[in-house]
Amino acid sequence: MLFAVVSLTLLGAALGVMLGLASRFFAVEANPVVTELEAMMPGSNCGQCGFPGCAGAAAAIAAGTASPACCPPGGRALAETIAARLGIAVDLAGLRDEGPKVAGIREDICIGCTRCIKVCPTDAILGGPKQIHNVLRDACTGCGSCIERCPTEAMAMQPLPVTLQQWVWPKPAACA
Amino acid sequence: MGFIDRFLRTRKFSRGIHPEDHKRPAADALVRKMPLPERLYVPLLQHVGAPAHAAVAVGDTVQKGQRIAAPQGAISAAIHAPTSGRIVAIGDIVAPHPSGLPVAAITIDSDGRDEWTTLTACADPFALEPAEIGRRVSAAGVVGLGGAAFPSAVKLSGGRDANVDLLIINGGECEPFLSCDDRLMRDRAEEAVDGIAIMLHAAGAREARIGIEDNKPEAIAAMRAAAAGHPKIRVEPVPTRYPMGSEKHLVLALTGLEVPAQGRPADVGVVVHNVATAVAVRDAVRFGRPLVSRLVTVNGACVREPGNVEVLIGTLADEVLEFCGGLRADRGAPARLLMGGPMTGMQVPSLRVPVIKGTGGILVLDADEVGLRTPGPCIRCSTCVRACPVGLLPLEIARRIRAGDLDAAVKFGLKDCIACGCCAYDCPSHIPLVQYFHHAKGELAARDRNKLRNEATKTLAQARAERLERETREKAETAARRKAGPDPQPAPAPRPAGAAAPPAGESA
């Protein structure tokens, strides 16, 4: 009895110390830049950049293997912020900024299959089996994941109309 | 002492500009009342804050003064039918705004009778609780009539909480061409002073000072005569200098106190209301009459009979102009159409837009008055620096905005810019400085909105991840229970993984 207690206690203590040391010496250091970039990304993990989620894209951008302009939902604004943070120049000419878009559903051809609901990263689509679905505009990030899932092509990306409150004065044409 | 005081105050506000005021002869013409238009277009967004929500349906008949739209949110204002008639449409019309974008509006066909709904009058407003006055002002949909259209009740009841000590009434009307407040003070001085007394009672302030620019001697005399019996209300002429009607500058000129950067006058114990708002408050509290009409100055070289007109809210600016004799044939095509003053008003593409609560003027200017010239390069003469009433460096801010560096522009004080237009007015190179500032402020607001949206997205994505995890766990638990042995009751079928809809929709 005593032997068992003592040996297990010693074993536990020794293993604990070893684990502690291991966590100290073999710790995987998270790159602080990656963490910071990840915080800037939209965070919906839509996968349009071709990386596994926003964390993957952040790591690739930090490592220099991906362009800061690789995130379609983030658009030009995000590319500019990331480029400024990393202190690199980024070619934004290729980035078409057509303004924000959101998904829309044509009610007359929606069959209520719920496939789009299952892939939406922000739960922005409302509906149930055999019920017409609808998109909550405020929650849609415009990632487009749902478009290809729709078997009846009832989903399409629509430009978000500019409202009076969002309108911005145009920049004056540069003078000489 | 008074003289030295005045001298010191004037010295404190020595910036700004002194444009030619173009106020007369329009200011000297008597107010005319516009005949009832056949159709009125009443926008649901006429104020700062959230748009009102329509409370009537197409086909309803309404009485004049009946509430047709309810305020939404803390900062919003109710909207009332300007005349009796039938609602013929609720939908988008062209907004009185430079963008020409649509705005939701209620269209009313007048029945020609102009019948008021039942109003709840109040014989003695001074017996009312201050909070009750705030409620009545809010129910009447009164907003600041100086142009910014901030809901007045919010400012009035906020005054008590902020321990406001002084009520300043803005009779400055520093914008060139406009004279509606001047006319109001000349013709309705008694009503204005009564309104100010009610506001004093509601805001809990010690005294009220009415600041009037000294280029309106008739208005000063009329207001002095009306305020003679009120020991707490004083009329104080202020020097004529644009932008004296900006609340921060009027506070500085009248009290010597400077409102902090990005602060409000309440931070120095002052609340500022326009003089026309005082009349609207009186009508609302004494007679229960909501804000359904206002004085509008129709002016500019192209107008045949310039003057001030009492107009129902929702009247098309075109019809008001027609009432003032239309366009003068000898002036050629108008060079610019404006709703509001020439310095801070809105340039509109056409006058087929309605007059709203904040519209102080309808201006049709000819090419000489606009004086538009091709912008040249900045020669760094610093004329704009001397003109800026806030003490900013417009040339430096504009330079940064041109380069797209908004953060640097903010560091140079972009957020303190009041968009008065002094810098652009004085610029010898005719650079559209204010347009740069408007553009940059809009971009900054868009950036903030985007940030909020991104945060919301993150929360939603996280909530979804948690939901998926919970569902997987529940499924596993159900499966485990089934495996464990013959269950007396069949386990409920797990919900489909993605269905975010309430179970009621899952009958299939």
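Note on naming: letters A, B, ... go to the chains in the order of the sequence lines (proteins, then strands), and numbering restarts at 1 for each one.
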Answer yes or no: is there a donor N or O on one side and an acceptor on the other, between the side chain of A:Q166 and the main chain of B:A446, under 3.5 Å? no
A:G43 to B:A461 - nearest heavy-atom pair and separation: O-CB, 3.3 Å
Work out which heavy atom in B:R464 is nearest to a heavy atom in A:K118; give both atom names and the distance. NH2-O, 2.8 Å
Under 6.0 Å from the NE2 atom of B:H53, do we count more than 12 heavy atoms belonging to anything else shown? no
Under 4.5 Å to a heavy atom of chain A? For B:A456 that would be neither
Whatever's closer than 4.5 Å to a heavy atom in chain B on A:C120 counts as backbone
Ranking B:E443, B:K441, B:R449 by heavy-atom pairs under 4.5 Å to chain A gives rank one to B:R449
Tell me which of these, B:P98, B:A95, B:P51, B:A440, has more heavy-atom pairs under 4.5 Å with chain A than the rest. B:P98
Tightest non-hydrogen contact, residues A:A173 and B:Y436, listed as O-OH, 4.3 Å
Contacting moiety of A:P121, where chain B heavy atoms sit under 4.5 Å: backbone
How would you list all residue pairs meeting salt bridge (Lys or Arg N to Asp or Glu O under 4.0 Å) that involve residues 405-418 of chain B, not counting sequence neighbours? B:D407-B:R447
Between A:P42 and B:T457 the two heavy atoms that sit nearest each other are O-CG2, 3.7 Å
Sole candidate of B:H438, B:H97, B:H439 that passes ring pair (Phe, Tyr, Trp, His ring centres under 6.0 Å) when paired with A:W167: B:H97
Could you tell me the separation between the CD atom of B:Q462 and the OG1 atom of A:T122, rounded to the nearest 0.5 Å? 13.0 Å
Would you name the heavy atoms of A:P170 and B:Q435 that are closest together and state the gap between them? O-NE2, 3.1 Å
Checking an interface table here. Which of residues 140-155 of chain A come within a heavy-atom distance under 4.5 Å of chain B? A:C140, A:T141
How far apart are the closest heavy atoms of A:K171 and B:R402, and which atoms are they? NZ-O, 3.0 Å
